[in-house]
Amino acid sequence: MTDDSLLPFCFPAVRRKKIAAAFDGGRISSDGGVMLLAQADRRLGIAERLARVIPDGRDPDRVTHLLPDILRARIFAIACGYEDADDLDRLRFDPAFKLACGRLPDSGRDLCSQPTVSRWENAPALRDLIRLMDVMVDLYCASYTTPPAAVTLDIDDTVDVVHGHQQLALFNAHYDERCFLPIHVYDTATSRPVAVLLRPGKTPSGTEIRGHLRRLVRRIRRHWPQTRITIRGDGHYGRPQVMEWCDENDIDFVFGLPGNTVLDRLVDATADDIRTRRALDQKPCLRGFAETSYRAKSWNTDRRACARIEATTKGLDIRFVVTSLETGSAEYLYETLYCARGQAENLIKLHKAQLASDRTSCRSPLANQMRLILHTAAYWLMLTVRDAIPKAHALATAEFNTIRLRLLKLGARVVEMASRVRLAFAAACPEAALIRHIAAALMPTEP
């Protein structure tokens with residue numbers, strides 16, 4: 001049967017000259033920038049770290065694809081925008097992907113195919129996945145050259161809509177969908193991922209959140225016993241069990257606090273003053289802050305609550321946070337510290353929307369958790385490439401889709417010679433100088 005993709009085709013003529021095209025250019029890759037990801041992986045060692053904790057019971061004499069190479073190919077493909085495993089049925093022949101995975105483009109063996117990748121996505125058991133999550137936390141801690149004096153970790157969940165009969169999928173009335181609600185934890189100040197955990201499509205209970213935080217903090221404490229840790233999250237993370245656990249383990253917290261009539265009454269004097277001044281000055285909006293001591297019936301002690309009070313022509317809007325921090329004004333705690341958690345939502349967007357980590361379409365939750373780990377590894381590679389960009393450059397704060405378009409999706413001719421392999425990029429590449437800089441910045445110091 002003839003492969004239609006190899007047949008020539010035409011475009012409209014230009015200045016009376018016919019334009020013919022065909023996919024017969026030879027060893028040309030459309031993802032030449034994957035070599036930058038290869039250097040990032042070599043610096044971080046993600047594929048090797050993950051493979052080290054997955055049991056491989058295969059006969060070594062009959063192994064064609066080593067486990068690190070399988071994981072590496074899958075992670076590179078995700079970072080380049082190929083989120084489905086079956087894309088590797090084509091990419092396994094791509095010369096740039098082969099080079100990035102340590103194989104020669106012509107004489108080297110082709111990469112693994114989709115069935116091999118899918119088998120390994122479904123292979124890890126529960127204990128293996130726990131070890132893999134520990135590897136990701138270890139990777140986060142190792143990203144600091146010295147233990148920091150303090151870190152703030154943002155915890156949040158995001159909807160992951162399902163379209164089949166996946167285990168753990170539940171109907172969530174808030175989203176009006178059957179879904180998962182995986183928990184994401186980030187160090188927002190550096191955009192680094194700490195943990196991503198698949199879970200059912202329901203709001204987490206206080207006991208569940210406490211268990212996740214206990215395991216996470218215990219792992220971090222192995223690396224940073226003296227680091228001050230602050231947990232930051234929205235209202236449904238400020239459960240009594242979570243706050244009591246933070247008190248017992250010397251962990252600071254800042255959580256959203258749903259308002260009620262008692263809280264409104266405690267800040268009524270400040271709210272009335274702000275409302276009156278706005279009316280007298282005829283301003284469209286006036287904002288102020290207040291703090292009070294508050295104890296809900298389910299709490300074991302009085303806690304500090306800070307309020308943001310905003311008076312507009314439509315009335316009052318009051319938002320509260322509860323915190324264990326004793327220093328800092330109410331304005332600082334709400335507007336500077338708490339509101340900074342909005343950046344975590346941007347990071348979740350990078351993870352979910354731009355690296356397609358919501359493609360959790362396996363039936364088994366173990367396989368879907370493995371997918372989240374692989375997508376988090378791809379996040380690390382993209383972040384490492386972005387961090388190598390000079391701070392003054394326009395792409396230093398670019399989103400991953402922009403990084404992929406400008407630095408990874410590059411046409412390159414790959415030529416294997418007797419003693420070297422040459423990558424020929426387009427002479428008119430707009431980011432030629434930047435790519436040269438990143439390649440040098442990520443160059444390993446040791447052979």
Side-chain angles (χ1 to χ4, degrees), residues 29-50 71-85 87-88 91 94 96-97 99-101 135-137 139-140 142-144 154 158 182 184-196 343-359 370-391 393-410 412 431 434-444:
S29 173
S30 60
D31 299 277
V34 71
M35 295 302 298
L36 299 178
L37 297 177
Q39 287 186 261
D41 173 65
R42 186 169 181 179
R43 166 167 291 191
L44 299 175
I46 292 181
E48 296 287 347
R49 288 171 181 251
L50 295 176
L71 298 179
R72 192 173 288 116
R74 180 74 168 109
I75 294 168
F76 289 169
I78 292 170
C80 287
Y82 305 102
E83 64 270 13
D84 293 322
D87 291 316
L88 283 166
L91 294 176
D94 187 281
F97 269 89
L99 268 182
C101 292
V135 168
M136 302 310 292
V137 178
L139 184 65
Y140 161 69
S143 66
Y144 283 86
D154 284 290
T158 183
H184 291 239
V185 182
Y186 293 91
D187 179 350
T188 305
T190 59
S191 300
R192 295 168 186 168
V194 184
V196 181
Q343 176 62 12
E345 298 181 8
N346 293 328
L347 302 181
I348 291 174
K349 181 183 72 173
L350 294 180
H351 198 288
K352 186 175 79 169
Q354 301 191 15
L355 290 175
S357 65
D358 57 349
R359 296 297 290 269
M370 181 63 186
R371 284 195 173 193
L372 285 179
I373 291 171
L374 293 174
H375 283 267
T376 305
Y379 182 109
W380 270 108
L381 295 186
M382 295 292 283
L383 184 65
T384 302
V385 170
R386 190 177 73 176
D387 286 347
I389 299 174
K391 299 305 179 186
H393 197 280
L395 294 182
T397 57
E399 295 189 338
F400 288 171
N401 276 347
T402 304
I403 297 292
R404 180 186 298 127
L405 179 65
R406 302 283 290 274
L407 302 180
L408 303 184
K409 309 298 286 187
L410 303 174
E431 304 296 344
L434 178 59
I435 293 169
R436 185 188 298 271
H437 172 85
I438 296 173
L442 295 177
M443 185 66 67

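Note that this is a predicted model, so its numbers are computed, not measured. Numbers here are sequence positions counted from 1. Atom set for the values below is all heavy atoms of this structure, side chains included, hydrogens, waters and symmetry mates excluded.
A parallel orientation is assigned to the rings of His184 and Tyr186, their planes being inclined by less than 30° (bins at 30° and 60°).
Looking at Asp94 and Val34, their side chains never come closer than 4.5 Å, going by heavy atoms from C-beta outward. In this structure the side chain of Asp387 never reaches within 4.5 angstrom of the side chain of Thr384, judged on heavy atoms. With contacts defined as side-chain heavy-atom distances shorter than 4.5 Å, the pair Tyr379/Val196 does not qualify. Residues Glu345 and Thr158 have side chains not in contact (no heavy-atom distance under 4.5 Å, counting atoms from C-beta outward). At least one side-chain heavy atom of Leu410 sits less than 4.5 Å from a side-chain heavy atom of Ile435. Between Leu37 and Met382, the closest side-chain pair of non-hydrogen atoms falls below 4.5 Å. With contacts defined as side-chain heavy-atom distances shorter than 4.5 Å, the pair Ser191/Arg386 qualifies. Contact annotation: the side chain of Ile389 approaches that of Ile403 to within less than 4.5 Å [non-hydrogen atoms, C-beta and beyond].
In this structure, CZ in Arg359 is found 13.5 Å from NZ in Lys352, a value given to the nearest 0.5 Å. Rounding to the nearest 0.5 angstrom, the gap separating the CG atom in Leu383 from the OG1 atom in Thr376 is 12.0 Å. The OH atom of Tyr140 sits 3.5 Å away from atom CG of Asp187, with the distance rounded to the nearest 0.5 Å. With rounding to the nearest 0.5 Å, the separation of CG in Asp41 from CG in Leu36 is 12.5 Å. A distance of 12.0 Å separates CD1 in Ile46 from CD1 in Ile373, rounded to the nearest 0.5 Å.
Considering every non-hydrogen atom in both Cys80 and Asp31, the closest pair reads CB-OD1, 3.9 Å. Considering every non-hydrogen atom in both Gln354 and Phe400, the closest pair reads OE1-N, 3.0 Å. When all heavy atoms are compared, the tightest approach of Leu442 to Ala40 is CD1-N, 4.2 Å. Nearest approach of Ala47 to Leu71, heavy atoms of both residues: O-CD1, 4.0 Å. Residues Ala378 and Ala79 share a closest heavy-atom pair of CB-N, 4.0 Å. The two residues Ala38 and Ala100 make their nearest non-hydrogen contact at CB-O, 3.6 Å.
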Does the side chain to side chain contact (heavy atoms under 4.5 Å, CB included) test come out yes or no for Leu395 and Glu431, once each step is laid out?
-> CA-CA 10 Å; Leu395 294 182; Glu431 304 296 344; 4.2 Å; yes

Step-by-step side chain to side chain contact (heavy atoms under 4.5 Å, CB included) determination, Arg72 to Ile75 = CA-CA 5 Å; Arg72 192 173 288 116; Ile75 294 168; 5.9 Å; no

Mind running side chain to side chain contact (heavy atoms under 4.5 Å, CB included) on Leu381 and Phe76 for me, showing each step along the way?
-> CA-CA 8 Å; Leu381 295 186; Phe76 289 169; 3.6 Å; yes

Output, in order, the C-alpha distance, side-chain angles, deciding distance and verdict of side chain to side chain contact (heavy atoms under 4.5 Å, CB included) for Glu399 and Leu405.
-> CA-CA 10 Å; Glu399 295 189 338; Leu405 179 65; over 6 Å; no

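If you run side chain to side chain donor-acceptor pair (under 3.5 Å) between Ser357 and each of Glu83, Arg371, His375, His351, only His351 comes through.
Of the possible polar contacts, one joining the Arg49 side chain to the Leu44 backbone as a donor-acceptor pair under 3.5 Å is found.
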